[in-house]
Amino acid sequence: MRIVKLDENSKKNVLENMLKRSPNNYGDFQDKVDAILKDVKEKGDEALFEYTKKFDGFDLNADNIVVTDEEIEEAYKEVEKTGLVEIIRKALVNIREYHQKQKQYSWFDSKTDGSLLGQKITPIEKAGVYVPGGKAAYPSSVLMNIAPAKVAGVDKIIMCTPPNKEGKVNPNTLVAAKEAGADVVYKVGGAQAIAAMAFGTESVPKVDKIVGPGNIFVALAKKAVFGYVSIDSIAGPSEVTALADEAANPKYVAADLLSQAEHDEMASAILVTTSEKLAGEVSQWIDKFVEKLSRKEIIQKSLDNYGYILVAENMEDAISVVNDIAPEHLEIVTKNPFDTMMRVRNAGAMFLGEYSSEPLGDYFAGPNHVLPTNGTAKFFSPLSVDDFVKKSSIIAYSEEALRKVHNDVESFATAEQLTAHANSIHVRFENDN
């Protein structure tokens, strides 16, 4: 793994290379996605069935688009053999408990003059969860997307996921959906599934918000339908940055970097350290691990393209470049990780200390693993209960309360030359004099 001395030039090169992975650079596929969205919007189920046949090889129709109770029972029988059902249930306890703490409640503040201000919290009515199929079928993502919606109190949660050629859905995905609380699962994937949830078809209802990861076509489709519905974010390739000093265990750091590099060839793994000795040892351990790992070809391409070990002069410079990268996952392995954490501004999730390995957050700890990628942690947050509620401002004034301020409101409106605004206040007090 390449070792680079951190300076302004190397930092610029790293950041520019990282940005090549942004979904904003997927424009070559936009025309194809737009055509799919247009077809589904205009032709509904007809287009949905045609694209499923074309891309997934399954003859989808109105009678088989919904996953049946029998199919879910069959999935349980298969998954129970692996012991995963109990693990999913344990993980859900942690995920629900964490997200329960995020709940906000309506509030109202009244004053003696008869004015009342407040904020009303209301769950969205319908949420749509997209779940990839095939090799990218991750039941952990099912839990992370559905659990906060359930905690928020969403009325109906639908899920779309592609079928195989036999019309079957990944059994792990189905069990996770049932355990987390999905109301109905539709056998449809890709950009056509996003279109169905955004516009509605004869079989798939229109939702208020779409969440969940997907490939380039799914990402572009979500971006295109934003405005018709809300979305969580446009997820880019996975990434991890480790911020470490001489106290870190190089074997652990190397293993953790590779845990993200194995996702795909565009994944990014970066070590930022103040120790040249650690840099060399981590690089050696990475070489040893890669030879043994099952996805070593994917890992090696990821490391060759987007893997770096950056050696900084001091911790201030190291933290500065971490804030510029704004990583999806940040492992902090320093002498005092809690102190270091307080100096980091930008990261999707932070893992403190050598026993807080990133995969713990992917599966089990409780915080959401749907995180901002590609530098968007500078302004985005992890998926949370907040994503499934909306807020309404409440204003209630008595005659006495309005009388105290009506001249000020009228003057403000007049200054903006909005005389109808001023008049709507004035008419209530025009007889006062």
Side-chain angles (χ1 to χ4, degrees), residues 19 22-25 27 30-31 33-34 37-38 41-42 102-128 152-155 194-195 197-200 205-211 219-234 323-324 326 345-346 372 374-433:
L19 286 175
S22 170
N24 291 324
N25 295 325
Q30 190 67 61
D31 289 344
V33 170
D34 288 344
L37 297 177
K38 183 174 182 290
K41 185 177 181 182
E42 293 177 353
Q102 295 177 337
K103 286 191 73 171
Q104 296 188 53
Y105 298 91
S106 301
W107 59 266
F108 303 95
D109 182 21
S110 60
K111 296 182 179 178
T112 56
D113 64 4
S115 64
L116 180 146
L117 303 176
Q119 181 173 270
K120 181 175 179 288
I121 306 293
T122 309
I124 63 173
E125 187 176 349
K126 294 189 186 76
V154 174
D155 292 354
I194 303 301
M197 290 189 283
F199 306 124
K206 181 185 186 319
V207 300
D208 302 307
K209 183 160 191 166
I210 299 172
V211 300
L220 287 176
K222 286 173 67 178
K223 186 176 180 180
V225 301
F226 177 68
Y228 293 97
V229 294
S230 178
I231 62 171
D232 50 353
S233 62
I234 310 296
N323 280 326
D324 287 334
R345 178 180 291 270
N346 304 320
N374 234 94
T376 60
K378 291 178 180 178
F379 45 83
F380 279 142
S381 303
L383 190 73
S384 71
V385 172
D386 286 348
D387 285 287
F388 298 97
V389 300
K390 53 194 181 67
K391 301 165 186 175
S392 301
S393 300
I394 304 299
I395 302 169
Y397 267 52
S398 66
E399 180 181 358
E400 176 190 353
L402 184 59
R403 178 172 278 110
K404 287 182 179 179
V405 301
H406 80 91
N407 287 325
D408 293 333
V409 179
E410 289 174 43
S411 296
F412 218 141
T414 301
E416 294 187 349
Q417 300 180 21
L418 296 175
T419 55
H421 280 62
N423 187 60
S424 79
I425 301 292
H426 177 73
V427 295
R428 288 166 166 79
F429 304 100
E430 60 186 351
N431 295 324
D432 276 12
N433 298 322

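The first residue in the sequence is number 1, and the count goes up from there.
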Nearest 0.5 Å please: distance from the [atom1] atom of [X] over to the [atom2] atom of [Y].
{"X": "Asp34", "Y": "Lys41", "atom1": "CG", "atom2": "NZ", "answer": "11.5 Å"}
{"X": "Thr122", "Y": "Asp155", "atom1": "OG1", "atom2": "CG", "answer": "10.5 Å"}
{"X": "Asn423", "Y": "Thr414", "atom1": "CG", "atom2": "OG1", "answer": "10.0 Å"}

[atom1] of [X]: more than 12 outside heavy atoms within 6.0 angstrom?
{"X": "His406", "atom1": "NE2", "result": "yes"}
{"X": "Gln417", "atom1": "CD", "result": "no"}
{"X": "Phe412", "atom1": "CZ", "result": "no"}
{"X": "Lys111", "atom1": "NZ", "result": "no"}
{"X": "Lys38", "atom1": "NZ", "result": "no"}

Any non-hydrogen side-chain atom of [X] less than 4.5 Å from a side-chain atom of [Y]?
{"X": "Leu116", "Y": "Asp109", "result": "no"}
{"X": "Lys404", "Y": "Asp113", "result": "yes"}
{"X": "Val225", "Y": "Ile194", "result": "yes"}
{"X": "Trp107", "Y": "Ile394", "result": "no"}
{"X": "Ile234", "Y": "Lys222", "result": "yes"}
{"X": "Phe388", "Y": "Val211", "result": "yes"}
{"X": "Ile121", "Y": "Gln119", "result": "yes"}
{"X": "Arg428", "Y": "Leu402", "result": "yes"}

Fill in the blank from the handout: The ring-ring contact (aromatic ring centres under 6.0 Å, His included) partners of Tyr228 (sequence neighbours excluded) come to Phe199
Problem - Sequence-distant partners of Tyr397, ring-ring contact (aromatic ring centres under 6.0 Å, His included), two or more places apart - result: none
For the student: nearest non-hydrogen atoms of [X] and [Y], plus distance:
{"X": "Leu37", "Y": "Ala224", "value": "CD1-CB, 3.5 Å"}
{"X": "Ala422", "Y": "Glu410", "value": "O-CG, 3.6 Å"}
{"X": "Lys120", "Y": "Ser106", "value": "CA-OG, 3.4 Å"}
{"X": "Pro372", "Y": "Pro382", "value": "CD-N, 4.0 Å"}
{"X": "Val427", "Y": "Ser424", "value": "CG2-O, 3.6 Å"}
{"X": "Gln104", "Y": "Asp386", "value": "NE2-OD1, 2.9 Å"}

Would the distance check show the side chain of [X] and the main-chain N or O of [Y] forming a donor-acceptor pair, the cut-off being under 3.5 Å?
{"X": "Lys209", "Y": "Asp387", "result": "yes"}
{"X": "Asn323", "Y": "Asn346", "result": "yes"}
{"X": "Gln102", "Y": "Ser384", "result": "no"}

Handout entry: Test: Arg403 and Asp432 ion pair at under 4.0 Å
Key = yes
